[in-house]
Amino acid sequence: MTNDSRRGNGTTTAARAAADVTPSGAAWLTSASPFPRSVRALWSARPSAPTVLPTGTVFDVVSLPDLYARRVLDLLWTEGPGSGPVAALPDRIMIFAAPGTADRLPALLRWEEWGRTGSADGQARSAPAPLCHGQGDAVTIPPLQKGAARVRWLVAPEVRYPWLPGPQVLLWACTKARTQVAEGAEAAPDPTPRANRFSISADRVLEFSRHQAPLAQLVRAADS
């Protein structure tokens, strides 16, 4: 098996962020279905129509309200290892995550007392809880080609084995975004990644894992 996960999405320009899904990206998506031939037949007949695919085996999905998700993605692209595919609904953004994230991330958030409305210093700390889709769930994904669909790709799948963030990376980004909201940071950034901000490489993932503080320190720093 060719480990395309080391190249992530392989994307190098902002124009590729919302581009059509490549054949390799489509193969990755269809591998999530127990009936890949049926999915390919549906796409052949209606390439501009959204599709429902199961989660939990090839990928999980973490769904966040639009404005909050922009902060999370901006942190992933500027300070973290980046992201894999990302899709936008009318009022939410779906981050494709490593399988198992839907089970682990909520437990990590509960440990961080997610959703509490205040802290010892009186600072508001509320933040929306993500909707996590994993084993036994399904999500509507954007069409292979850009069109008039209400669901669209912000970062389209481009390789057969894209790198996907796991629960600890997303916990870090969600926690830091929560701090930004609590401190009244400026308006959330544009969710469309700029050039070289969303490309995933082995070097970036390795650099992030080596040089970022341990997760407990990251969380404490974000809460301070």
Side-chain angles (χ1 to χ4, degrees), residues 4-5 7-30 32 43 47-53 55 58-98 101-102 105 128 130-133 138-166 169-170 172-174 176-177 180 186-201 204-205:
D4 288 337
S5 62
R7 296 195 301 273
N9 274 339
T11 317
T12 57
T13 66
R16 293 300 303 168
D20 296 340
V21 176
T22 65
S24 293
W28 174 69
L29 289 171
T30 57
W43 283 345
S48 60
T51 310
V52 176
L53 287 178
T55 55
V58 174
F59 55 79
D60 284 359
V61 166
V62 175
S63 174
L64 291 163
D66 181 80
L67 292 178
Y68 186 71
R70 295 184 189 196
R71 295 188 185 278
V72 171
L73 288 172
D74 192 61
L75 287 165
L76 288 172
W77 289 323
T78 57
E79 301 180 30
S83 76
V86 179
L89 301 168
D91 58 353
R92 300 186 71 87
I93 289 177
M94 300 191 303
I95 302 173
F96 285 67
T101 299
L105 182 58
L131 298 179
C132 298
H133 304 279
V139 294
T140 299
I141 66 165
L144 298 186
Q145 300 176 2
K146 289 179 290 185
R150 289 165 58 84
V151 187
R152 61 189 177 91
W153 291 109
L154 294 180
V155 180
E158 197 176 29
V159 298
R160 182 63 176 81
Y161 302 103
W163 180 85
L164 300 173
V169 170
L170 289 172
W172 166 80
C174 287
K176 193 160 186 177
Q180 291 181 349
E186 296 180 359
D190 189 322
T192 303
R194 295 190 289 271
N196 299 323
R197 284 182 50 189
F198 54 89
S199 176
I200 306 303
S201 68
R204 286 191 64 195
V205 175

Just verifying a value: how many Å separate [X] [atom1] and [Y] [atom2], rounded to the nearest 0.5 Å?
| X | Y | atom1 | atom2 | value |
| --- | --- | --- | --- | --- |
| D20 | E158 | CG | CD | 11.0 Å |
| C132 | L105 | SG | CG | 4.5 Å |
| L76 | C174 | CG | SG | 8.0 Å |
| R160 | T22 | CZ | OG1 | 11.0 Å |
| L89 | L64 | CG | CG | 11.5 Å |
| Q145 | W43 | CD | CH2 | 11.5 Å |

Review point. When you check the gap from the basic side-chain N to the acidic O, do R70 and D66 get nearer than 4.0 Å?
Key: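 The answer is yes: the pair qualifies as a salt bridge.
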Report yes if the side chains of [X] and [Y] come closer than 4.5 Å at any heavy-atom pair, otherwise no.
| X | Y | result |
| --- | --- | --- |
| P85 | F59 | no |
| K176 | E79 | yes |
| F96 | V155 | no |

Review point. Can V58 and L29 be said to form a side-chain contact (heavy atoms from CB on, under 4.5 Å), step by step?
Key: CA-CA 8 Å; V58 174; L29 289 171; over 6 Å; no
Point to revise | Flag, side chain of R92 to backbone of S63, donor-acceptor distance under 3.5 Å | key: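 Confirmed, R92 side chain pairs with S63 backbone.
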Check your understanding: Is there a donor-acceptor pair closer than 3.5 Å between any side-chain N or O of W153 and the backbone N or O of P143?
Key ->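 Yes, the answer is positive, given that a donor and an acceptor are paired below the 3.5 Å cut-off.
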Looking at every heavy atom in both [X] and [Y], which two are closest together, and how far apart are they?
| X | Y | answer |
| --- | --- | --- |
| L144 | A26 | CD2-CB, 4.4 Å |
| L164 | G84 | CD2-CA, 4.3 Å |
| A138 | T55 | N-OG1, 4.0 Å |
| W163 | P81 | CH2-CG, 3.5 Å |
| I95 | V72 | CD1-CG1, 4.1 Å |
| M94 | V139 | SD-CB, 4.4 Å |

Review point. Hey, mind stepping through W28 and V21 against side-chain contact (heavy atoms from CB on, under 4.5 Å) and telling me if it holds?
Key: CA-CA 10 Å; W28 174 69; V21 176; over 6 Å; no
